[in-house]
Amino acid sequence: MGDPASSLHLTGLNTNQLEATSHFEGPLLVLAGAGSGKTRVLTARVCHLIQEFGISPEKILTVTFTNKAAGEMRERITKLLGSEPIGMWMGTFHAMGARLLRRHADRLGWDRSFSIFDSDQSLRLIKSVQEELGLDLKRWNPKAIRAEISNAKNRLEDDKTFQLETQSGSELFIRTVGQVFSAYQEALQAQDAFDFDDLLMKPVELLESHRDLLEHYRGRFSFILVDEYQDTNRAQFRFVELLARAHGNLMVVGDPDQSIYAWRGADVRNILDFETAFPSARVVPLEINYRSKELILSAANAVIGENVNRPKKILRASRKGGDKITLVETSNEKDEAQWIVSEIQDQIHSTQGLSICDCAVLYRTNAQARALEDAFLRARMPYQVVGGLRFYQRREIQDVLAYLRLISNPKDKTAFDRIVNYPRRGIGHTTRKHLTRWAVDQGVTMLEAAGRADEVPGIRTAGVRGLKQFADLMRRLSVRATQATIGEMLEGLVEDINLIKHLNNEGPDGEDRVRNVIELIAGTLDFDATLAQTIEPDEIDTFTELDLFLQEVALIADLDGLDPGSETVTLMTLHNAKGLEFSLVFIAGLEEGLFPLSRAYDEADALEEERRLFYVGITRAEDKLFMSWARQRRRAGDFTYGSLSSFVSAIPDKLLEYRKSNWLSPGPYSKPIAVQNRGYKISHEQDEAFDMNQDSPGFVLGERVIHQTFGSGAVIEISGFGRDMKVKVKFDDVGEKKLLLRYAGLEKDWP
DNA sequence: CCGGTGGGTTTTTTT
DNA sequence: AACCCACCGG
Ligand SMILES: Nc1ncnc2c1ncn2[C@@H]1O[C@H](COP(=O)(O)OP(=O)(O)OP(=O)(O)O)[C@@H](O)[C@H]1O
């Protein structure tokens, strides 16, 4: 045992926190509310295991929600211990899965330099599979199919299981998904690729089907810790269970009230039933919130108390008092954004030591960031947006990365398809068709076929030239890849294909794109695989730097880009805010229909999840919380008229301070509302929205209707009202669909 | 083969 | 409003 005086990680912990931290063997559940120190305890326990119980770091596996969280935790641990926990595996489930697969993918029939497809690439592949199967993209929404496949994988159902379970009695849509699923999975394997969900599902398959590996990793990871356990799905549970079942040294930490990912397969029962799954579990509650002022916490508790479906738990504030929560009514989203910006300015001026990096603006949908950004730009206040369109998802970045992927994995047909004609090489639809057919016949990769384009029947000379040119280029790049660093390679690539010039010729957005590409190169110049923490010292030679670079890039999450030290206000969705804390928090867009989102009205579970999201938002605030809503908001082209979110009514009046924006409470210098609003055109749809009942045909349950694409069917459910009115129709051919009445263009079907 | 145009669809949250 | 796709003329 270490010297107690050196046990830095224990200082300041309360009794329960200490109990959890010093727990040694056997299952441990820390189920506690927001800001009670769950993450801190988990960090401390890792230190304790190493320092007090003498556990070697390489025996420990810690799963966090983001890579960023993993990095920060590693840093904290290093500080607390005075040395780095070398050999410890720490990261997201996806990163751990990828790491495992890098080592053993060959056992499943994949090459170890497999590609990882992000959701965009999955979608592309699904579309191309659909095309091959002759499934119309309009009628069978590829995104819906992707979601269905993704959910299945998160339930650990592979294509065969899925088909078996849905073969009989299922609607046509589901059976179609099954069909696409199989072809999609086949295509993935054919090009040595895994999608995001495979990174969770395949490791389970790997461990279940290979006893020796299971034994090995069970022995290796004698202690397993999982943060944010309330948002794990079935595949993740199984992964943990496989490794931890035998020794039971599993610590999970979470808060059922912060479960906000059920929509992507997370199952809160994982944490609720933990004691059933691991009967000998010790349970430690944490009941003191150290983050938020008492007043904020009271509001949070009142809000979450409205949820029926939850285990009650205690959460008391250690920080007494606090300012009232400011609730501000604004005229529209611009007004709201301006109000927020000027309030931040006021607060910074009036509060000693407060910096703009202590401020965060949270919202329900990414689209809301636009108006906020405008306001911040105009006020010249620095800000950073987390999420939205990611850097690595931008077209020009993906184009460049596709070149790298194809070098790393020549079978990656999705990458090939993306870049074979970018920049233009005169290769079109027909050429591709011939080439694909020939490649399949000969059993060679597309790249090899391109190199032998002159042998392929049916391709015109221009096409042959283009293909050979492309194959040559790739050959040169591959040679260079063996000698140069990634940064150097990228520089060479950009030069070889004249990318900068091409982008500049593209018009107004070109300059931005050029800047992005240059930023990418700059970022790769100092990429160091050993620092990427993805390999063990003895494996360095087994993986190429390129593979690891691509892997890291594929797994980057929105939040990983967040720079907490920089002098900026942070703008992000409520989902991204989970686990973070800020002195000042603004929750924007608190309108009925936006937050909670109108789509959540139909199901009680969905509405409760929205409410938990609100709870997460409120509990991010340390000192002061602001909430705002707008009477009028532009959403996707047309106007919506909102009222204050019903969520707010759960907060006792005495905790709130009501305010109005300048536009709404005209001071001596502000213009009257009527003048301000004149800029907005009153559209026709707006009137429609107001008297939907008169303008749109009223449908009744059981009524027969006809839809342009889906054909005829019967109305089986009606929900929502006004512009949000929805009908569920059971179509004769495509099964059940929920449609937004104002888009659907349904007609009555008179017999 | 390419680029422009126009029509139709979409609106949630993310590893 | 923005995006994606299909179609058409050069
Ligand atoms: N015993 C303690 N004394 C003082 N401060 C503490 C104590 N325990 C935790 N804190 C502080 O409380 C804040 C919240 O801790 P932490 O993030 O670990 O909570 P959490 O339960 O993981 O929160 P959430 O569920 O909201 O993510 C942190 O700023 C942490 O430093």
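Protein chains get the first letters and strands the later ones, always in sequence-line order, with residue 1 at the start of each.
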Distance in angstrom units between [X] [atom1] and [N] [atom2], rounded:
X: A:Phe93; N: B:dT14; atom1: CZ; atom2: P; result: 20 Å
X: A:Tyr615; N: B:dT13; atom1: OH; atom2: P; result: 24 Å
X: A:Lys143; N: C:dC4; atom1: NZ; atom2: C1'; result: 9 Å
X: A:Arg99; N: B:dT15; atom1: CZ; atom2: P; result: 20 Å
X: A:Glu609; N: B:dT14; atom1: CD; atom2: P; result: 13 Å
X: A:Gln121; N: B:dT14; atom1: CD; atom2: P; result: 18 Å
X: A:Phe117; N: B:dT15; atom1: CZ; atom2: C1'; result: 17 Å
X: A:Asp136; N: C:dC4; atom1: CG; atom2: P; result: 18 Å

Give a yes/no verdict on a cation-pi contact between [X] and [Y], requiring under 6.0 Å between NZ or CZ and the six-membered ring centre and an angle within 45° of the axis.
X: A:Arg425; Y: A:Phe470; result: no
X: A:Lys578; Y: A:Phe65; result: yes
X: A:Arg234; Y: A:Phe237; result: no
X: A:Arg124; Y: A:Phe117; result: no

With a 4.0 Å cut-off on heavy atoms, is [X] in touch with a base, just the backbone sugar-phosphate, or nothing at all?
X: A:Arg364; value: base
X: A:Ile260; value: nothing
X: A:Asn366; value: sugar-phosphate
X: A:Lys578; value: nothing
X: A:Asp197; value: nothing
X: A:Asn67; value: nothing

Heavy-atom closest pair, residues A:Ile618 and A:Ala300: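 For A:Ile618 and A:Ala300, the tightest heavy-atom pair comes out as CG2-CB, 3.8 Å.
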Can you tell me which nucleotide in [options] comes closest to the side chain of [X]?
X: A:Thr431; options: B:dT14, B:dC2, B:dC1; result: B:dC1
X: A:Trp263; options: C:dA1, B:dT14, B:dT12; result: B:dT14
X: A:Leu597; options: B:dT14, B:dT12, C:dA2; result: B:dT12
X: A:Arg424; options: B:dT13, B:dT15, B:dG3; result: B:dG3
X: A:Lys138; options: C:dA6, B:dT15, B:dT14; result: C:dA6
X: A:Lys127; options: C:dA2, C:dC4, B:dT12; result: C:dC4
X: A:Thr92; options: B:dT12, B:dT14, B:dT15; result: B:dT15

Residue mapping more 5' on DNA chain B - nearest nucleotide basis, A:Asn576 or A:Thr430: A:Thr430
Whichever of A:Phe65 and A:Arg460 has its nearest DNA chain B nucleotide further upstream toward 5':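 Of the two residues, A:Arg460 wins.
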Atom P, compared across C:dC4 and B:dT13: separation rounded to whole Å: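 15 Å, rounded to whole Å.
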Counting only side-chain N and O atoms of [X], is one of them less than 4.0 Å from OP1 or OP2 of [N]?
X: A:Asn141; N: B:dT9; value: no
X: A:Arg634; N: C:dA1; value: yes
X: A:Thr573; N: B:dT14; value: yes

Aromatic plane relationship, A:His94 with A:Phe196 - under 30° parallel, 30 to 60° tilted, over 60° perpendicular: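 The rings of A:Phe196 and A:His94 stand perpendicular, inter-plane angle above 60°.
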From A:Gln398 atom CD to A:Tyr392 atom OH, the distance as rounded to the nearest 0.5 Å: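 Between A:Gln398 CD and A:Tyr392 OH, I get 10.5 Å after rounding to 0.5 Å.
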